[in-house]
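Here is how names work: the chains are called A, B, and so on, in the same order as the sequence lines, proteins then strands, and each is numbered from 1. Since the model is a prediction, treat every value here as computed from it, not as a measurement.
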Amino acid sequence: MTARPNIARVLCDRSGPDRAFDYRIPDELSAEITIGSIVRIDLHGRKIGGWVKEFDPSDALPADELLPLRRVSGSGPDELVIGLAEWSAQRWAGRRSQFFRAASPPRVVRSIGTATYSTLSPEPRSPATTRLLARNGGVLRLPPTSDVLPSLWSCVERGPVLVVVPGVDDATILKSRVARAGVTTALLPHEWARAAAGVDVVIGTRTAVFARLPELGSIMVIDEHDERLQSEASPTWHAREVAAERGRRSGIPLILVSATPTPEALHERVIEAPSREREITGWPEIVIADLSNDSSAPGGRLSSTVIEELRNPSRRVLCVVNRKGTSKLLACRSCRELATCERCESVMSQPDDDLLSCAKCGSERPMTCLNCHGMSFSNLRPGTARLVKELAAAAGRPARVVDADTEPDWSSGPAVEVLVGTEAVLHRVTHADTVVVLDIDSEVLAPRFRAGEQTLSLLTRAARLVGRKADGGRLIVQTRQIDHPLLVAMSRIAPGDATEIERAQREQLKLPPYGAIAVIEGTGAADFVQSLPDSVRVGGTGDRRQVRATNPEVLGRALALGQRPAKGRLRVAVNPGR
DNA sequence: CGGACAAGCTGA
DNA sequence: CAGCTTGTCCGG
């Protein structure tokens, strides 16, 4: 143990400067303070929180010229995680305090308990994962219906594992399965202190990648292709990339698990793919339905393949409609009747809390449903409302929209309802016999560089919902581009080929991971990009600019040098998801 | 972010 | 030129 520190360099929390200031450590606090401690400080006459990130820095003022620390509030991230947070702030051009907060417990932790490791090493294990671990990690391509548990057990054999999953529900389910096997676990962020003390398996969503852990044998990122692993808000940090950096810093392997790995995952990594036979049995039947020369559809939105499926009353069919357009329709929450105008029958909007108004003729009425006198309305996308009628007519059985307000269960009547929803429905409904993707083209052709990646992610999600072909699972994908290579590869159950198509395209266009992009938005965008060094290339006009660099490190360093406007808005999104 | 202070604006 | 508003700077 070195001499007691006299000075603490503290990074400020919340608003204010994203800067660190030095404080004198009073004698009575020196015993309990550590690097990462969460402390209270005085700054400019205000009491604020912060993190100790360094002791006795060489460029500090003499201790007697500094203000004293007020108190130590509790435990925070350790040195490894602090380094990871600082690296992330640079990589995604965000505030350090934001990442430090992600690395801190949700509630004050006064003391960290003792480790609870078990000596169990459960079976069965995954030989492919064991091989990857021996080669310092890589990509495990696992068909969507395959269980990840054997892979996790392979990791557990090596020591404590950090498992990052996309959704909160994924985390809770996995945690209970792991606990049932007699292996000790901690679920983040709630069990931050338990994880910091030491358990066999730490599970959480993307922020868990910043968890403080006393020792670690490996890291797993499950469903690496899932968009939820990336923050939608700026800074647009991605848990996969942070996990990779954490693995590098700790010298431990990272296992990326996905049925359809992204180009970022495949980049410079060893890949373990399933046998052709396991691949085929691990996916549902995938049918590509041609919409381009199929006239059986009224309105041209349903192919004969889909209509046939809809007419089979024993099959639970879930139709996914892609998000398109932003205008909204109001539908009664109780009877689902659309809010239409009594005079001109056009749709009505809701200018304030208790009034409906007609956009066409201007007439107004209270928020009441004409059909059932219900007083509560929900928003529908115009496409969805019309589509429900079309689908019900084609199916000869009722169709119902599933959104945030409706129960996701199938009706138990003589004929099962057809369910309809936007992509979010794939997270709400847990099982179906068939998923119909009504318009994959709007996904494949979307004007974003991740369009292909997101298409594959959607298909993987849908595949998991219907299950294996042997169990009746079927995935019908409607398209007007029957020859699209991505769709052809998927219909042949060759996700390896599909991910390779996507990877090669990114490489050719120098898009991530073969280059780095930042999207700069806001009134300060023009001035900001002008102030950047020559190491980056800038494009775009007005309040929306793009910055490109050869790699994320160069981009991060350049963005850190940019002049942020004193006033006006600026959003910097590095390698954004959307 | 928000307090401090300096530079600009207004009205008698 | 006092009294107020607006802008810019900076914090240990």
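- In this entry the distance linking CZ of Arg46(A) with C1' of dC10(C) reads 11 Å, nearest Å.
- When Val39(A), Leu66(A), Ile41(A) are each tested for a side-chain contact (heavy atoms from CB on, under 4.5 Å) with Tyr23(A), only one passes: Ile41(A).
- Per the geometry, CG belonging to Leu43(A) stands 13 Å off P belonging to dA4(B), to the nearest Å.
- Here dG12(C) presents its C1' atom at 13 Å from CD1 of Ile25(A), a figure rounded to the nearest Å.
- Taking the six-membered ring wherever Trp is involved, the centroid distance between the rings of Phe210(A) and Trp237(A) falls below 6.0 Å.
- When the P atom of dG12(C) is taken as reference, atom CZ of Arg40(A) falls 16 Å away, rounded to whole Å.
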For side chain to side chain donor-acceptor pair (under 3.5 Å), just list the numbers for Thr260(A) and Thr499(A), CA-CA rounded to whole Å, side-chain angles, deciding distance to a tenth of an Å, and then say yes or no. CA-CA 6 Å; Thr260(A) 50; Thr499(A) 57; over 6 Å; no
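- For the pairing with Thr262(A), the side-chain hydrogen bond (donor to acceptor under 3.5 Å, both in side chains) check across Arg503(A), Glu224(A), Glu453(A) returns one residue only, Glu224(A).
- The residue Arg24(A) sits apart from the nucleic acid: no heavy atom pair falls under 4.0 Å.
- Rounded to whole angstrom, the span from the CG atom of Asp42(A) across to the P atom of dG2(B) amounts to 17 Å.
- When rounded to the nearest whole Å, the span between CZ of Arg70(A) and C1' of dG12(C) equals 14 Å.
- Between the P atom of dG12(C) and the CD atom of Glu54(A) lies a distance of 19 Å, rounded to the nearest Å.
- In this structure, the CG atom of Asp18(A) is 16 Å from the P atom of dG2(B), given to the nearest Å.
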